[in-house]
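Working notes for the structure below.
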Amino acid sequence: MSLKNDNMFNPEMETLSGDELYELHQNKFLSQFEYLYKNSKLYQEKFEKAGIHLEDITSLEDIVKLPFTEKYELRDAQKFNPPVGNHRACSEEQLSRVYSSSGTTGVPTYIGLTRDDIHNVQAEAIARVCWAGGIRPDSKVVNIPTAPFIADTFREGIEKTGATNIPTGFNVDRVIGAFQYQGADSLHATVSFWSYLLGEVKKLGLNPKELGIRNIIGGAEGGAKLLRPMIEESFGATVIEGMGMGEISCIIFGECLENRGHGMHYLTQGIIHVEMIDPKTLESIPIEEGATGELVYTALHSQAMPLMRYRSRDNVRILSTDKCICGRTGFRIEVLGRTDDMLTILGVNVYPLAIRDVVTKMKPRVSGAIEIQLEKPRPVVEPPLKIKVELGERPGDKEELKKQIETIIREKLIFRAKVELVEELPQYQYKTQLIKKLF
Ligand SMILES: [Zn+2]
């Protein structure tokens with residue numbers, strides 16, 4: 001690691017120019033395509049169905065000829081050929097780990113990894129985001145598991161940076177103890193856990209600043225933006241968030257310390273190729289400043305279960321494609337919401353996160369927590385949209401507050417809402433749920 005680029009884990013990859021990136025990805029994509037063509041039963045079937053032969057794909061531009069891969073296809077494929085499924089491309093001997101990660105629908109997805117996948121895909125990407133968030137070889141990181149898969153791969157990534165990993169399990173007393181007695185100075189946990197931890201620390205009558213937390217790395221739930229100032233101030237720490245998809249790489253995007261709050265960098269140069277599409281027409285959208293669309297991922301050197309054109313269902317806006325003040329060249333994004341969470345109100349697409357952002361502007365009259373009450377399956381919703389809003393520390397006149405929130409939603413998001421103010425909404429230790437289905 002050269003001293004000049006001390007703020008990057010892999011400066012060679014993280015500062016590639018557009019042309020260099022294209023050339024690297026083209027070579028890797030073509031070998032990955034050939035590997036899948038020869039080894040993956042699922043992709044052999046998909047390519048045959050799409051009428052695609054090995055000789056049809058000769059450049060990275062040909063990627064648009066390939067069919068998309070959807071999550072349900074992996075779930076169908078894993079009914080055969082255990083322990084991974086028909087999408088396994090490596091030999092059984094090469095397979096090093098198989099995780100089962102339960103999704104929101106309750107049906108688990110199996111994630112198979114070879115040693116190389118663990119070290120050169122998952123851990124490499126995690127090491128880049130940890131480094132971007134301030135983790136260094138002398139850091140001591142408390143790693144809170146959200147699932148065995150995330151806990152294990154983050155441990156590998158943290159250790160790859162040279163830092164010390166302190167596993168605590170999901171036990172808040174042990175987490176606090178690691179900071180008090182073991183010299184821990186960094187934290188990897190979900191956004192929801194940050195505020196849960198803060199609450200527990202305060203309950204014990206401790207000063208959060210005295211815990212010595214310097215750097216916090218979190219998974220993107222869209223809440224980091226809102227919570228960051230309060231969490232940074234309370235703990236006296238820096239906070240960055242990252243985002244990815246376990247099936248392809250836990251981390252694909254992450255903020256840098258220098259420009260945090262201004263979007264997550266694309267960090268997986270040479271590991272995962274990223275495209276953007278219109279989620280409705282499925283047409284490709286160029287990655288340019290201001291463009292919005294759904295992210296689509298293609299593995300570039302995975303072995304166990306490489307995926308091609310995997311639909312993430314994550315909708316984002318490209319904030320910048322310029323070189324950042326941190327020196328990284330990876331474009332920066334902000335998350336708009338999930339394609340699956342998108343609501344269509346009178347023909348306009350609205351994401352729950354956008355509603356929460358607007359309501360949060362009324363702090364401290366509101367707490368910032370909301371719950372959208374859906375009476376019918378989405379996406380089409382007839383106004384008024386029913387929203388529960390949690391009261392804050394100083395709500396003031398409640399009738400006037402309710403009206404003001406309804407007005408601000410109508411002005412900013414152009415739809416009619418019916419707001420119900422409530423004293424308390426459910427608290428989540430993991431992922432916050434913004435939508436409640438009443439059907
Ligand atoms: Zn940056």
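In what follows, every heavy atom counts, from backbone to side chain, and hydrogens, waters and symmetry copies are set aside. Every number for a ligand or one of its atoms is a count from 1 in the order of the listing.
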* To do: Could you pull out all residues at least two apart from H25 that satisfy ring pair (Phe, Tyr, Trp, His ring centres under 6.0 Å)?
  =>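 H25 satisfies ring pair (Phe, Tyr, Trp, His ring centres under 6.0 Å) with H273 once adjacent residues are dropped.
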* Sequence neighbours left out, what passes salt bridge (charged side-chain N to carboxylate O under 4.0 Å, His left out) with K38? Give chain and number order. =>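 Here the qualifying residues are E34.
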* Any sub-3.5 Å donor-acceptor pair from K65's side-chain atoms to D56's backbone N or O? ->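 Yes.
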* How many protein N, O or S atoms sit closer than 2.8 Å to the Zn ion (ligand 1)? ->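 There are 4 of them.
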* Asked: With a cut-off of under 6.0 Å to the ring centre and 45° to the axis, is R309 in cation-pi contact with F68?
  ->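 Ring-cation test returns yes.
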* Quick one: which of H119, Q303, Q94 gives a side-chain hydrogen bond (donor to acceptor under 3.5 Å, both in side chains) with T114? ->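 Among H119, Q303, Q94, the one meeting side-chain hydrogen bond (donor to acceptor under 3.5 Å, both in side chains) with T114 is Q303.
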* **side-chain contact (heavy atoms from CB on, under 4.5 Å) partners for I414, two or more places apart** =>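 For I414 there are no side-chain contact (heavy atoms from CB on, under 4.5 Å) partners, ignoring immediate neighbours.
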